[in-house]
Amino acid sequence: MIRKLITRAITRIRGPKGATALVTEAARIGRSSHGIDRDQLSYGGRRVCEVLQENGFEAFVVGGAVRDLLLRRDPKDYDVATNATPEQVKRCFRRARIIGRRFQIVHVVIRDEIIEVTTFRGLHDSETDEHGRVLRDNVFGSQAEDAARRDFTVNALYYNPADETILDYHHGVADLKQKTLRMIGDPAVRYREDPVRMLRAVRLAAKLGLVIDPAARRPIREMSDLIENIPAARLFDEMLKLLTSGHSLQCLKQLRDEGLHHGLLPLLDVILEQPRGEKFVKLALEATDRRVKEDKPISPGFLFATLLWHEVLAQWDKNLKRGERRIPALMAAMDQVLEKQCQKLAITRRIAGDIKEIWMLQPRFESRAGKRPFLLLDQPRYKAAYDFLLLRTASGEVEQELADWWSAFMAAEYDEQQAMLVPDKKGEGDGAKKRRRRRSNNRKGGGDGAGSPEQAPQ
Ligand code: ATP
Ligand code: MG
């Protein structure tokens, strides 16, 4: 049916570095074939197109939103493509900001939505590094050229709310029907231009239940080293998208299958090869996927804290064997792991702070005497730390009894809590004397006084 509507003339033109790029004429697909009503768009997505069109520009919803609507899914966000320049876009809206260096885009804020608006991009004059990675390309072009620059055929669909048609430049609608993720142009060239596309292929396939077309899948294994050239901050963003896609477990499995995980989380291969580490990460990712599906917020700090925890445990153990004291050994292990990880994947300072807080609170769950459990409950990050403890328990790292005690303690009234407290190991009764002793121990380098110093990580 849709195929009948497709009439296209293909012109081949020279792209950057002599690569041949396909610039095609679009198939126009009407409302009755694709079934997307303009009312299905978000208010912001539709409004941005309307305002740009009222100002005499062309404007379309493009990319993931059209793809997701065709799949009858709720789009995560809306992207708009236009022939207006970023400056012209900015002038059309009260709340708009030009961002980005590599690709200039405009963020338009409508109510509580941020719409990403990009100007049609041309194919020429992009600046590349020695590996062929595109460093900058802000040359504007036609809509057909813009379509050819996009990564997958299913992402090169343009929806016009004014007449409810889709412009399909690369058989994207047909590919979507066949559940195929197909690269536009030569996959090897496209991966070289931007190695992030390899990660996008894995993420989109896992998230949308598509099969990566063999031609797009084949080069990934041998080109996986190119991931190393991606700036650490961009890699972090992409990794976060992957982990919060609602299909993180599937994504990580596929990353491993494609040999892509090495450059991303250098520690992940090690973790996944230890049975207990694998179980822990799996449980954490399953929980994350569940939360995404229930529309609950995801804390990146919690996520990375789980992914790296078993590496921290291993490093902590090493530091203890070198004779370091328990808490300083943990703190050093945390820094060592984060530093190693950040060389590849720039975890932002704020998130690194969150990660450390969750880790730091873990030994404190072992103290069930005196005021310490109450002090722990008062910590702002207590809930995250408690959820983390539950994962450690479920993976077999920690005794179930400890988690049960904390669950009961949290739910109990003050009097019951008092009755639940475990007596301090020795010298029960003389609390003041004991607290004095503890304070003096802390001053000697015992850290935050948390946890029983004799107990090593397991
Ligand atoms: P989602 O938003 O659901 O994660 P998406 O495909 O919309 O998926 P975005 O990052 O929002 O992903 O990008 C919007 C569009 O921009 C894509 O659909 C694609 O057309 C284009 N695009 C994004 N990243 C690239 C890239 N690395 N190379 C080529 N085109 C890209
Ligand atoms: Mg998008």
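Residue numbers count from 1 along this sequence. Whatever order the structure lists them in is the order used to number ligands and atoms, beginning at 1. Computed from a prediction, not measured in an experiment: that's the story for all the values here.
Shown here are the protein N/O/S atoms lying under 2.8 Å from the Mg ion (ligand 2), water excluded: Asp77 OD1, Asp79 OD2.
Using modelled atom types and a 3.5 Å distance limit, the side chains of Trp309 and Gln362 yield no donor-acceptor pair. In this structure, a donor-acceptor pair under 3.5 Å is absent between the side chains of Thr165 and Asn160. Side-chain contact of Arg150 with Tyr158: a donor-acceptor pair under 3.5 Å is present, judged by distance alone.
Between Phe388 and Phe280, the distance separating the two ring centers is shorter than 6.0 angstrom. Taking the six-membered ring for Trp and the full ring otherwise, the centers of Phe120 and Phe57 sit at least 6.0 Å from each other.
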Item to complete: Kindly determine whether Lys282 and Glu278 satisfy salt bridge (charged side-chain N to carboxylate O under 4.0 Å, His left out), including the steps that lead there.
Response: CA-CA 6 Å; Lys282 195 164 163 262; Glu278 174 157 21; over 6 Å; no
Item to complete: Begin from the C-alpha positions of Lys383 and Asp387 and carry the test salt bridge (charged side-chain N to carboxylate O under 4.0 Å, His left out) through to its verdict.
Response: CA-CA 6 Å; Lys383 182 62 176 56; Asp387 287 344; 3.0 Å; yes
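Ordered by chain and residue number, the residues placing a heavy atom less than 4.0 Å from ligand 1 are Gly63, Gly64, Arg67, Lys76, Asp77, Asp79, Arg149, Arg150, Asp151, Asn155, Asp194, Arg197, Arg200, Arg203, Lys207, Arg234, Lys241.
Checked for salt-bridge contact, Asp151 and Arg197 miss the test: no charged N lies under 4.0 Å from a carboxylate O.
Of the residues Glu311, Gln315, Gln341, the one that meets the side chain to side chain donor-acceptor pair (under 3.5 Å) test with Gln336 is Gln315.
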